[in-house]
Amino acid sequence: MMTRIGQTVMLHHGGDREEARDRFLKLWEEIGDDGDPFHRCTLAHYMADTQDDPVDELAWDLRALSAADELTDERVARHHEGLAVRGFYPSLHLNLAADYAKLGRPEAARSHLALARGTLGALADDGYGDGIRAALARLESRLDEESPATGGETPGPPRQRP
């Protein structure tokens with residue numbers, strides 16, 4: 001299953017978003033809502049990136065987080081020795097923060113950024129960890145520019161980026 005998910009990720013990264021989304025949906029049907037949480041987490045995490053509607057993207061990212069909450073280090077290690085569930089959370093929360101920012105919900109975005117920041121210790125000092133830390137900083141900066149923390153959600157539709 002992980003090979004097929006990986007092949008679909010490569011298809012998406014190659015520019016065929018619609019085909020990747022269709023293949024991910026077929027794989028999701030095969031895995032099922034109660035299937036292996038590692039497969040569900042991975043697939044939902046990447047499926048979110050193929051969505052056109054931010055509401056759909058959020059739904060897939062929430063599925064990924066929910067599946068991660070069901071994972072154990074033993075299950076993750078069967079896929080890759082040394083991999084730990086805690087290392088998933090910075091990216092999962094960062095993605096949710098970005099989703100909420102797109103939907104004009106800066107306080108929900110900031111909440112997930114705080115959760116992501118609280119889990120950064122699980123990341124190595126490598127390219128992946130550096131990328132997550134940099135993305136987190138960029139999103140925090142953008143949120144600060146667009147809507148300084150006020151203690152409440154910004155009313156109205158999300159702001160359009162130039």
Side-chain angles (χ1 to χ4, degrees), residues 1-17 20-21 23-25 27-28 31 33 35-146 158 161:
M1 179 57 69
M2 291 305 294
T3 298
R4 291 163 54 204
I5 292 171
Q7 290 168 338
T8 305
V9 169
M10 289 190 306
L11 181 69
H12 177 238
H13 288 169
D16 199 341
R17 184 180 182 135
R21 185 174 41 236
R23 287 187 190 189
F24 278 139
L25 278 174
L27 290 173
W28 184 263
I31 294 167
D33 291 337
D36 182 324
F38 184 73
H39 294 155
R40 286 186 291 121
C41 179
T42 305
L43 189 146
H45 179 69
Y46 287 110
M47 176 63 141
D49 294 338
T50 68
Q51 301 305 302
D52 297 323
D53 185 333
V55 171
D56 294 334
E57 186 174 359
L58 173 63
W60 283 105
D61 280 329
L62 287 169
R63 284 182 186 105
L65 179 63
S66 178
D69 288 342
E70 296 175 37
L71 277 171
T72 64
D73 285 336
E74 293 78 23
R75 171 57 188 103
V76 174
R78 285 194 328 231
H79 175 69
H80 187 278
E81 189 174 330
L83 195 59
V85 176
R86 68 184 181 280
F88 290 20
Y89 286 98
S91 176
L92 293 171
H93 284 295
L94 175 61
N95 288 349
L96 286 163
D99 296 341
Y100 285 119
K102 287 178 194 174
L103 292 168
R105 297 181 57 193
E107 292 310 312
R110 284 189 178 87
S111 176
H112 279 280
L113 283 175
L115 291 167
R117 188 162 294 290
T119 61
L120 287 176
L123 298 178
D125 289 327
D126 59 11
Y128 176 76
D130 292 345
I132 296 293
R133 286 185 280 276
L136 192 147
R138 283 191 306 270
L139 183 54
E140 282 178 328
S141 177
R142 192 181 97 212
L143 283 171
D144 287 345
E145 290 172 11
E146 291 180 356
R161 298 205 31 95

(message) I'd like to know whether R21 forms a salt bridge (charged side-chain N to carboxylate O under 4.0 Å, His left out) with D16, so could you lay out the CA-CA distance, the side-chain angles of the two residues, the decisive distance to 0.1 Å, and finally the verdict.
(response) CA-CA 9 Å; R21 185 174 41 236; D16 199 341; over 6 Å; no
(message) Main chain of F38, side chain of T42: is a donor-acceptor contact present, judged purely on distance under 3.5 Å?
(response) yes
(request) For T72, check side chain to side chain contact (heavy atoms under 4.5 Å, CB included) against everything at least two apart and list the hits. (result) E74, R75
(request) Please name all residues satisfying salt bridge (charged side-chain N to carboxylate O under 4.0 Å, His left out) with R4, sequence neighbours left out, ordered by chain then number. (result) E30
(message) Check this for me, if you would: do R117 and E140 make a salt bridge, where the nitrogen-to-carboxylate-oxygen distance has to be below 4.0 angstrom?
(response) yes
(message) If the condition is side chain to side chain donor-acceptor pair (under 3.5 Å), which residues does W60 pass it with, not counting sequence neighbours?
(response) none
(request) Assess whether side-chain contact (heavy atoms from CB on, under 4.5 Å) is satisfied between H39 and L43, documenting all intermediate values. (result) CA-CA 6 Å; H39 294 155; L43 189 146; 5.9 Å; no
(request) Mind listing the closest non-hydrogen atom pair of L143 and R110 along with its distance? (result) O-NH2, 3.2 Å
(message) Evaluate E57 against K102 for side-chain contact (heavy atoms from CB on, under 4.5 Å), listing each step before the verdict.
(response) CA-CA 10 Å; E57 186 174 359; K102 287 178 194 174; 2.7 Å; yes
(request) Ignoring hydrogens and angles, tell me if any N or O in the side chain of R78 forms a donor-acceptor pair with the backbone of D73 under 3.5 Å. (result) no
(message) Please determine whether a side-chain nitrogen of the Lys or Arg among E145 and R142 lies less than 4.0 Å from a carboxylate oxygen of the Asp or Glu.
(response) no
(request) Please round to the nearest 0.5 Å and tell me the distance separating atom CZ of R23 and atom OG1 of T8. (result) 6.0 Å
(request) Check A68 against C41 and note the closest heavy-atom contact, atom names and distance. (result) CB-SG, 3.9 Å
(request) Ignoring hydrogens and angles, tell me if any N or O in the side chain of T119 forms a donor-acceptor pair with the backbone of A116 under 3.5 Å. (result) yes
If you look only at distance, which donor and acceptor atoms sit under 3.5 Å apart when one is on a side chain in residues 92-101 and the other is two or more places apart or in another chain?
| from | atom 1 | to | atom 2 | distance (Å) |
| --- | --- | --- | --- | --- |
| H93 | ND1 | H112 | ND1 | 2.9 |
| N95 | ND2 | H45 | ND1 | 3.3 |

Please list, one pair per line, the donor and acceptor atoms closer than 3.5 Å that link side chains of residues 79-88 to other protein atoms, with sequence neighbours excluded.
none

(message) Nearest 0.5 angstrom please: L139 CG to L113 CG, how far?
(response) 4.5 Å
(message) Just verifying a value: how many Å separate L65 CG and D69 CG, rounded to the nearest 0.5 Å?
(response) 5.0 Å
(message) Can you give me the closest heavy-atom contact between L71 and P37, atom names plus distance?
(response) CD2-C, 3.9 Å
(request) Using a strict cut-off of less than 4.0 Å between a Lys/Arg side-chain nitrogen and an Asp/Glu carboxylate oxygen, indicate whether D49 and R17 qualify as a salt bridge. (result) no
(message) Using the side chain to side chain contact (heavy atoms under 4.5 Å, CB included) criterion, which residues pair with D130? Sequence neighbours excluded.
(response) R133
(message) Please report the interatomic distance CG(D53) to CG(L103), rounded to the nearest 0.5 Å.
(response) 8.0 Å
(request) Grab the two heavy atoms, one from L11 and one from A20, that are nearest each other, plus how far apart they are. (result) CD2-N, 3.8 Å
(message) Just verifying a value: how many Å separate H13 NE2 and M10 CE, rounded to the nearest 0.5 Å?
(response) 10.5 Å
(request) Locate the shortest heavy-atom distance separating D126 from G129; write the atom from each residue and the value. (result) OD1-N, 2.8 Å
(message) To the nearest 0.5 Å, what is the distance between OG on S66 and CG on D61?
(response) 12.5 Å
(request) Answer yes or no: is there a side-chain heavy-atom contact under 4.5 Å between Y89 and L115? (result) no
(request) Let me see the working for M1 and D36 under side-chain contact (heavy atoms from CB on, under 4.5 Å), right down to the final yes or no. (result) CA-CA 10 Å; M1 179 57 69; D36 182 324; over 6 Å; no
(message) Is it true that, when you exclude Y46 itself, more than 12 heavy atoms of the residues, nucleotides or ligands shown sit nearer than 6.0 Å to its OH?
(response) no
